[in-house]
Amino acid sequence: MEIKVLGTGCKKCDDLYDNVIKALSEASKEANVEKVEDIVSIMSFGIMSSPALVIDGEVLIVGRVAQVGEIVNLLKK
């Protein structure tokens, strides 16, 4: 599983990254987690606001910090 947290390094982006790590632990899942802060790379996903969460190439959350429980549910799909 490949997870990317897209954002320019703001507090919300860091919070989303932290929530992803917590969700992986709660769900007993493993994944490669990457913070993407390069604006050109972020724009290649077609998003216009951050933070955003990408799981296995699919943009699932845009413009807000997803809570741990919500991310756990996304990991189970």
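Note that the coordinates shown come from a computational prediction; the quantities given were computed from them, not determined experimentally. Values below: all heavy atoms of this structure, side chains included; hydrogens, waters and symmetry mates excluded. Residue numbers run from 1 in the order of the sequence given.
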Margin query: According to a hydrophobic-cluster definition based on side-chain heavy atoms being under 4.5 Å apart (Ile, Leu, Val, Met, Phe, Trp, Tyr only), do Leu53 and Val36 belong together?
Written below: no

Next item on the list: Could you check if a side-chain atom of Val54 sits within less than 4.5 angstrom of a side-chain atom of Leu60, using non-hydrogen atoms only?
Entry: no

Next item on the list: Side-chain contact test, heavy atoms from C-beta onward, threshold under 4.5 Å: evaluate it for Leu24 versus Ile3 and give yes or no.
Entry: yes

Next item on the list: Check salt bridge (charged side-chain N to carboxylate O under 4.0 Å, His left out) between Lys11 and all other residues, then give those that pass, not counting sequence neighbours.
Entry: Asp15

Checklist line | From CD (Glu30) to CE (Met1), nearest 0.5 Å | finding: 10.5 Å

Item checked: Any side-chain heavy-atom pair of Ser50 and Ile42 under 4.5 Å -> no

Checklist line | Joint cluster assignment, Ile21 & Val68, ILVMFWY side-chain distance < 4.5 Å | finding: no

Note to self: Using only atom types and a distance under 3.5 Å, with no angle test, would you say the side chain of Asp56 pairs donor to acceptor with the backbone of Glu2?
What the structure shows: yes

Next item on the list: Determine, step by step, whether Val20 and Leu75 satisfy the side-chain contact (heavy atoms from CB on, under 4.5 Å) criterion, reporting the C-alpha distance in whole Å, the side-chain angles of both residues, the deciding distance to 0.1 Å, and the verdict.
Entry: CA-CA 10 Å; Val20 166; Leu75 294 173; over 6 Å; no

Check: Heavy atoms, side chains only, cut-off 4.5 Å: are Leu6 and Pro51 in contact?
Finding: no

Note to self: Side-chain heavy atoms nearer than 4.5 Å, only ILVMFWY residues, links allowed to pass through others: does that put Val33 and Ile55 together?
What the structure shows: yes

Margin query: Please tell me whether Val62 and Leu74 are part of a single hydrophobic cluster in this structure, the criterion being side-chain heavy atoms less than 4.5 Å apart.
Written below: no

Check: Mind checking who shares a hydrophobic cluster with Val40, ILVMFWY linked at side-chain heavy-atom distances under 4.5 Å?
Finding: Ile39, Met43

Notebook entry, point to check: How many angstroms lie between atom CG of Asn73 and atom CD of Gln67, to the nearest 0.5 angstrom?
Noted result: 12.5 Å

Check: Distance from Lys4 atom NZ to Asn32 atom CG, nearest 0.5 Å?
Finding: 9.0 Å

Next item on the list: Under the side chain to side chain contact (heavy atoms under 4.5 Å, CB included) rule, collect the residues that match up with Glu70, sequence neighbours excluded.
Entry: Ile61, Arg64, Ala66

Check: Under 4.5 Å between any side-chain heavy atoms of Asp14 and Lys35, yes or no?
Finding: yes

Check: What closest approach, in Å, do Gly9 and Glu37 show between heavy atoms, and which atom pair accounts for it?
Finding: CA-OE2, 3.6 Å

Note to self: Using 0.5 Å steps for rounding, measure from the OH atom of Tyr17 to the NZ atom of Lys22.
What the structure shows: 12.5 Å

Margin query: How close do Ala52 and Leu16 get, counting heavy atoms only, and between which atoms?
Written below: O-CD2, 3.7 Å

